[in-house]
Number of protein chains: 2
Amino acid sequence: MSAEMKEEAIHLLLVDDQEIILDGLTSMLRRFEGQVHISGRAKDAVDAVKFLEDNRVDIVLSDIRLKNGSGIDLCREVASRHPEIAVVMLTVYDDEQYLYQALRSGAKGFLLKQIGAAELVEQLMRVRDGDIVVDPHLAGRVALSAARLHSGEFWPGAHLGLTQRESEVLDLVTKGHSNKAIAAKLFLGEETVKTHLSSIYRKLGVRDRTSAVALAMREAIFR
Amino acid sequence: MSAEMKEEAIHLLLVDDQEIILDGLTSMLRRFEGQVHISGRAKDAVDAVKFLEDNRVDIVLSDIRLKNGSGIDLCREVASRHPEIAVVMLTVYDDEQYLYQALRSGAKGFLLKQIGAAELVEQLMRVRDGDIVVDPHLAGRVALSAARLHSGEFWPGAHLGLTQRESEVLDLVTKGHSNKAIAAKLFLGEETVKTHLSSIYRKLGVRDRTSAVALAMREAIFR
DNA sequence: CAAAGCGTCCCTCATAAGTGGGATTCCACC
DNA sequence: GGTGGAATCCCACTTATGAGGGACGCTTTG
C-alpha cells in the first residue's frame with residue numbers, strides 16, 4: 001500500500017460526448033485522488049488531441065463512439081503523435097470485434113462501462129505500468145476464441161453446425177459472389193461449391209441462397 | 001422563478017445497471033437540488049419495483065437495457081401497478097423504434113443520455129406537469145417521419161430512389177420469397193416482378209437478388 | 001479395421017433468375 | 001397537350017441455381 005502511495009497520480013484525459021459519463025467518471029474517480037488525477041475532459045477526438053498538445057496526460061480514457069471521428073481514430077492519432085501516451089477505450093459495446101479493432105489501432109486497454117470504480121483504477125495502474133488490459137468480462141470470451149482459433153476449431157457459423165469450408169462458401173455468397181466466382185476464389189470446381197451450398201441450405205433449413213444470406217446477416221454470422 | 005421555487009422538488013428514482021451513469025446523474029442533478037430530489041437508485045427492474053413499494057417517487061428515470069428485464073418491461077410494470085408514477089426512458093439508443101416501443105408501453109418521456117443537465121431538469125418538470133416529452137434530437141426526425149407517413153410519401157428504401165412498389169418487392173425478396181411467390185402475394189404477373197427487380201438492381205448498383213438482400217439488410221432497410 | 005464425416009469432383013435435369021426488347025395505362029407536371 | 005415516370009404485362013433468350021444422384025481419397029474415431 002505505502003509503496004503505491006509513493007508513486008505519482010496518473011494524469012487522465014476523459015473523452016466522451018456524453019456529459020453524464022464525464023460527470024460519472026469524475027465522481028467515481030474522486031474517491032481515488034491519490035492514484036488518479038483528472039487533467040481534463042474532452043467531448044470529441046479533435047478537442048482531445050488539442051488538449052494533449054500542452055497538458056500532461058498519461059492515459060486517455062475514451063469512448064469508442066464520439067461526435068467527430070471515432071475513438072479508434074483517436075487511438076491512431078495519439079499512437080502516432082504521442083506514442084508515450086496510452087489510450088484506453090471505455091465503452092458499453094461488449095463486442096469482440098470492437099476490441100480487436102481498438103487493439104489493432106494501438107489502444108492499451110479495453111474496458112466496459114459497467115466496470116466498478118476500484119477495478120477501473122486498478123486497471124489504469126496496470127496500464128501505467130506498461131500492461132495491456134482487457135475487461136474481465138470480455139477476457140474470458142476472448143481467451144476462448146483465441147484458443148479455438150489456435151486449434152483451428154472455430155469459425156463463424158460453427159455454432160450452426162457449418163463446417164469451416166461451408167462457412168467460407170457462405171461468407172462469399174453473402175458478399176454477393178456467384179457460384180463460379182466462389183469456385184475461382186477458393187480454387188474449387190463449381191460443382192463442389194454447389195455441393196457445399198446444398199449442405200448449407202440443409203443445415204440452415206432454407207431453400208436458396210437468398211434466404212441463407214438473410215439468415216446469415218440477421219444472425220450476424222457474416223456482414 | 002419564484003413560482004417554481006414554491007413547488008416541491010420532484011422525487012426521482014434512477015435506474016441503470018451502470019454505476020457510472022448513476023454517479024453521473026447524481027452529480028449532474030446535485031446542481032438542481034431545489035427542483036429535483038433523488039429518492040433512490042436501482043440497478044435493475046426488480047429492485048426498482050421493490051423500491052416503489054414503500055418510497056415516494058414521482059418519476060422513474062430508467063435506461064432501456066437493464067440486467068433483469070428491459071426498461072420497457074419496467075414501464076409496463078409501473079404503468080399497471082403505480083399509474084400515478086411516470087417513467088421516463090433515458091438511453092443512448094437514438095432509435096425511433098425504441099421510442100415508439102417505449103411510448104406504447106406507457107413511458108411518459110424518452111430522452112437521450114447526451115442531454116445536458118439543465119435541459120434534463122426542464123424536461124422532468126414538464127413530465128411532472130403531465131406532458132409527454134421526447135428528446136429534441138429525436139423530435140425533429142419523428143415529426144418528419146410522421147408527416148411523411150401522413151402524406152403517404154414515405155416508405156423504406158425511398159432514400160435510395162426506390163419506388164413504393166419496388167420497396168414492397170425488395171421486402172419480399174429479403175424475406176426469401178421467389179419471384180413467383182412475390183407475384184402471387186402482390187397479385188402481379190411474374191414478369192412484372194422481374195421488371196421491378198431489374199430496376200431495383202440498377203438503382204442499388206447490384207447484379208442479383210443476393211447482393212440486393214445483403215445490401216438491404218446491411219443498410220437496415222428491411223429485416 | 002470399419003464407419004462416419006469431410007472435401008473434392010462429376011453428371012443430368014428442371015426450373016429460377018435476369019436481360020433486353022416492346023407495349024399499355026394512368027397520373028402529375030410543365 | 002406533350003413529356004416522363006410509375007406500374008403493369010408480354011415474349012424470347014441466356015445463364016445461374018439447386019436437387020439428386022454417384023465416386024474417390026482422407027482423417028478421425030469407435
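Numbered from 1 within each chain, the chains take letters A, B, ... in sequence-line order.
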*Describe the nucleic acid contact of B/Thr192 in one word from base, sugar-phosphate, nothing, applying a heavy-atom distance below 4.0 Å.*
base
*asked:* In whole Å, I'd like the distance from the CG atom of A/Leu162 to the P atom of C/dG5.
replied: 16 Å
_Quick check on C/dT8: is either OP1 or OP2 less than 4.0 Å from any side-chain nitrogen or oxygen of A/Arg165?_
yes
*Under 4.0 Å between a Lys/Arg side-chain N and an Asp/Glu carboxylate O for A/Arg165 and A/Glu168?*
yes
_Using a strict threshold of under 4.0 Å (side-chain N to carboxylate O), is an ion pair present between B/Asp44 and B/Lys67?_
no
*Please test B/Leu204 against B/Leu170 for side chain to side chain contact (heavy atoms under 4.5 Å, CB included), starting from the C-alpha separation and ending with a verdict.*
CA-CA 11 Å; B/Leu204 298 186; B/Leu170 180 54; 4.1 Å; yes
_Nearest heavy atom decides the nucleotide; on that basis, is B/Tyr201 or B/Thr195 closer to the 5' end of DNA chain C?_
B/Tyr201
*N-O pairing of A/Asp73 and A/Arg76 below 4.0 Å*: yes
*Can you tell me the distance, in whole Å, between the CZ atom of A/Phe187 and the C1' atom of C/dC9?*
17 Å
*Return the value, rounded to whole Å, for the distance between atom NZ of B/Lys203 and atom C1' of C/dG18.*
17 Å
*Whole-Å distance separating the CG atom of B/Leu197 from the C1' atom of C/dA16*: 12 Å
*asked:* Just the rounded figure in Å: distance from P of C/dG18 to CD of B/Glu190.
replied: 11 Å
*Using 4.0 Å as the upper bound for N to carboxylate O, is an ion pair formed by A/Asp23 and A/Arg41?*
yes
*Between A/Arg202 (CZ) and C/dC6 (C1'), how many Å, whole number?*
12 Å
*Whole angstrom value for the distance that separates C1' of C/dC6 from CD of A/Glu168*: 13 Å
_OP1 or OP2 of C/dT19 under 4.0 Å from side-chain N/O of B/Ser198_ = yes
_Any salt bridge linking B/Asp208 with A/Arg209? Criterion: basic side-chain nitrogen under 4.0 Å from a carboxylate oxygen._
no
*Where each residue is assigned the nucleotide of DNA chain D containing its nearest heavy atom, which of B/Glu191 and A/Arg209 is assigned the position nearer the 5′ end?*
B/Glu191
_Using a 4.0 Å cut-off to any heavy atom of chain B, which nucleotides of DNA chain D are the first and last in contact, reading 5' to 3'?_
D/dA6 to D/dC10
*Residue whose nearest DNA chain D nucleotide is more 5′ - B/Asp208 or B/His196*: B/His196
*Salt-bridge present (A/Lys113, A/Asp16; N to O < 4.0 Å)*: yes
*Within this structure, what is the NZ-to-P distance between B/Lys194 and C/dG21, rounded to whole angstrom?*
16 Å
*Contact under 4.0 Å: B/Asn179 side-chain N or O vs C/dA16 OP1/OP2*: no
